[in-house]
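What follows is a single structure, written as structure tokens, with notes after it.
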Amino acid sequence: MRFALIGNPSVGKSLIFNQLTGLGVEVSNYPGTTVELQRGNTCFQREMVELVDLPGVYSLEGDSDEEDLVRRFLERQDTDAIIVVVNVTRLERNLYLLLQVAEYGLPMVVVLNMADEAAKRGIEIDPGPIRDLLGVEVVQTAASQGKNIDRIIPAALAASSPSMVEIPYDHHVEAAVRSLGKMFDADRKESIRALLGFGDNPELLEAARTIADEIESRHRMTVAQIIAANRHNFAHRIADLTVKEEALLRQTDPDSILTRMIPGMPILLSILIGMLLFVFIAGSFLEGLIVEFFEVFAMQPFLELGLPPLAEELGRSVLLALQAGLGIAFPYVLLFYIIISVLEDSGYMTRAAFLADNAMHRVGMHGGAVIPFTLAFGCNVPAIMSIRFLHSRRERIIASFLITMVPCSARTVIIAGIVASFVGIGAAFSVYAIVFVLILATGLVLSRVAPGERFGMIMEMVPLRWPDPKLVMKKAWSRLSEFLFIAMPLLLAGSVVLGLLEFFGIMALFEAIVEPYTMALLGLPGYSATALTFGILRKEMAFETLAILAGTADLGAVLSSLQLYIFAVVTVLFVPCLATITVLLREVGSKITLAITVYTVALGLLIGTLLFHLLG
């Protein structure tokens with residue numbers, strides 16, 4: 001058995017999928033989180049059931065990749081039933097997509113989610129009208145509490161017949177449907193889709209286009225507009241029958257505070273600064289504990305064993321990699337991902353987007369771009385992937401340049417672990433200041449030279465809610481696991497390779513060749529170039545490799561404050577990591593990716609050189 005979940009963005013669809021299958025699908029409270037098909041299995045009464053999580057869409061008649069994917073999936077009818085997830089607090093708008101899905105004639109179950117939010121707002125829901133008018137089973141759920149989730153699979157298994165609803169369209173549209181049916185033996189669904197310009201029968205499409213032009217000349221409206229209006233009217237009727245009572249509870253609206261420039265903007269800035277301070281201070285404390293533990297209980301006892309030189313070098317390299325990875329990167333990455341998850345699941349992201357709209361327009365984008373920018377503080381890879389939701393290629397190009405400059409969690413490891421720990425918190429914030437000034441300057445230039453149209457912003461304000469600690473930790477762990485299972489093996493392998501190269505004298509030769517140049521330009525020792533090169537694999541590996549090559553995690557003992565500061569600035573601005581480059585190639589193409597790579601390398605070296613000669 002195979003069931004597919006479909007719904008608007010931010011209706012809790014991915015959360016329901018996660019609860020049904022147990023897969024670690026990310027759950028975020030901002031539109032467009034699920035960008036690809038997710039599949040998972042669950043077992044019900046000894047029967048294996050496959051679930052497909054389709055991308056969140058508002059309609060099935062747009063031209064986005066997500067809408068096209070969902071349309072093709074429904075047309076193939078490669079599923080036993082459709083599970084339509086609806087946000088019951090915004091029922092009328094969600095019913096529009098539900099009616100479109102119903103017209104595909106597949107067995108269907110309607111899940112009225114967020115019943116807990118409706119109760120808080122004094123909204124009473126009667127599922128009877130939806131059940132009677134559409135002829136489908138209805139389940140009321142509160143996915144954030146796990147309420148009634150266990151009823152969804154039984155309802156889907158029991159769904160055997162499709163919805164028989166027929167939306168009452170304008171009489172001209174109904175006449176066109178009958179005519180196309182007689183002429184081409186097309187059913188109602190095929191005729192309506194042909195009038196909207198969809199289908200694979202050229203003769204049917206040509207005839208439908210001729211009839212549609214005639215209807216448009218009579219109504220002064222396109223057929224698509226007429227059909228959409230009819231669907232909205234029908235959805236309004238169903239919503240009126242379903243929402244039995246709405247008692248407006250007297251309470252303060254948080255959005256009246258969070259979305260105003262004052263005090264909304266100071267709140268946003270306070271959240272961002274507080275987030276960084278917490279990561280710096282708590283991360284530094286945890287780092288000190290872990291590094292000291294490794295030094296006392298691992299490194300010193302190992303060196304006292306008196307092993308042969310080669311074995312000792314290999315063992316020391318492994319211990320340095322573990323110390324650098326778990327002791328330096330782990331605390332900062334974990335804390336940062338926890339905070340980002342809290343901001344996402346609380347619903348605050350969209351408020352930040354609303355506040356940022358005017359500022360983002362100055363750099364050629366709208367406020368919705370603040371979502372990938374905020375994601376970029378965690379990791380540039382999902383941030384770059386989310387630029388596909390921006391309206392134009394112009395915005396996507398500008399965003400790709402700027403997002404790759406945003407200090408991600410790996411760069412935060414560098415800033416916190418090097419600058420905050422060995423130079424000072426004030427100096428660490430100055431690194432952010434330099435980066436943000438460069439992002440602003442780059443954005444202002446690109447907004448004037450990048451061709452293309454500008455668009456306004458339409459974004460749904462998702463409900464504010466208290467994040468579920470379990471879901472927050474689960475999401476933070478799923479993101480952190482990438483570091484543990486991908487970055488750590490790379491770090492271990494790299495550390496061993498570096499140890500062998502150093503043991504056989506190859507590293508000394510390379511560093512001797514590049515040191516005159518790194519010293520002249522940046523005032524850095526030759527092994528810093530090796531650390532920068534390893535930083536292309538994973539940004540935090542530049543820091544960890546520097547510690548390995550320096551022979552100690554106490555970098556302040558071997559490098560001056562200015563050298564540490566310049567290394568951190570250059571690393572933060574230097575080439576995007578390999579994973580980011582790979583995603584850039586897919587999203588914006590090879591030319592833009594090459595331009596971003598060359599620009600960031602040149603910018604990092606230029607700023608580093610200026611800092612050395614101005615402060616040195």
Side-chain angles (χ1 to χ4, degrees), residues 9 25-26 28 30-36 38 55-56 64-66 333 336-337 340-341 343-344 349 352-353 356 360 363-414 435-436 438-440 442-443 446-447 450 452 475 478-480 482-483 486-487 535-541 571-601 603-604:
V25 175
E26 290 194 352
S28 304
Y30 54 87
T33 294
T34 313
V35 296
E36 294 178 347
Q38 299 285 344
S64 71
D65 293 341
E66 292 72 28
V333 174
F336 208 98
Y337 278 144
I340 288 292
S341 299
L343 291 178
E344 288 176 354
M349 285 287 205
M360 298 303 289
V363 292
M365 293 175 290
H366 60 71
V370 81
I371 290 176
F373 270 86
T374 307
L375 283 176
F377 279 99
C379 179
N380 285 177
V381 173
I384 292 294
M385 291 175 66
S386 67
I387 68 173
R388 67 184 61 172
F389 295 104
L390 300 181
H391 290 293
S392 66
R393 178 166 174 79
R394 176 180 184 273
E395 282 188 274
R396 290 191 287 272
I397 290 173
I398 294 174
S400 61
F401 267 90
L402 303 187
I403 285 171
T404 53
M405 298 172 66
V406 173
C408 61
S409 60
R411 287 160 166 156
T412 297
V413 169
I414 294 167
V435 173
F436 290 143
L438 292 172
I439 289 173
L440 179 61
T442 303
L446 289 175
S447 68
K475 177 187 287 188
S478 69
R479 290 171 166 174
L480 181 67
E482 181 193 357
F483 168 78
I486 296 177
I536 298 175
L537 296 176
R538 298 272 304 191
K539 277 296 179 181
E540 65 270 25
M541 285 186 69
T571 306
V572 168
L573 293 174
F574 205 62
V575 181
C577 69
L578 191 59
T580 302
I581 292 173
T582 303
V583 176
L584 280 169
L585 284 169
R586 188 174 67 183
E587 297 294 335
V588 293
S590 57
K591 291 183 179 179
I592 299 300
T593 301
L594 179 61
I596 291 171
T597 302
V598 171
Y599 177 71
T600 52
V601 170
L603 189 64

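Arg411 places a side-chain N or O within 3.5 Å of a backbone atom of Val572 that can act as its donor or acceptor partner.
For Leu594, the side-chain contact (heavy atoms from CB on, under 4.5 Å) criterion is met by Val598, not counting sequence neighbours. Under the rule for a side-chain hydrogen bond (donor to acceptor under 3.5 Å, both in side chains), Thr597 has no partner lying at least two apart in sequence or in another chain.
How far CD1 of Ile596 is from CG of Leu584: 4.5 Å, rounded to the nearest 0.5 Å. With rounding to the nearest 0.5 Å, the separation of OG1 in Thr600 from CG in Leu438 is 12.0 Å. Interatomic distance, CE of Met405 versus OG1 of Thr442, reported as 4.0 Å (0.5 Å rounding). Taken to the nearest 0.5 Å, the CD1 atom of Ile592 stands 10.5 Å off from the CD1 atom of Ile398. Annotation: the span from Leu585 atom CG to Ile384 atom CD1 amounts to 11.0 Å, rounded to 0.5 Å.
The shortest heavy-atom contact between Ser400 and Ile387 is CB-CD1, 4.2 Å. Shown here for Pro407 and Thr412, the closest heavy-atom pair between the two residues is O-OG1, 4.0 Å.
A donor-acceptor pair shorter than 3.5 Å cannot be found between the side chains of Thr404 and Tyr599.
Residues Ile439 and Val406 are in side-chain contact: their nearest non-hydrogen atoms beyond the backbone lie under 4.5 Å apart.
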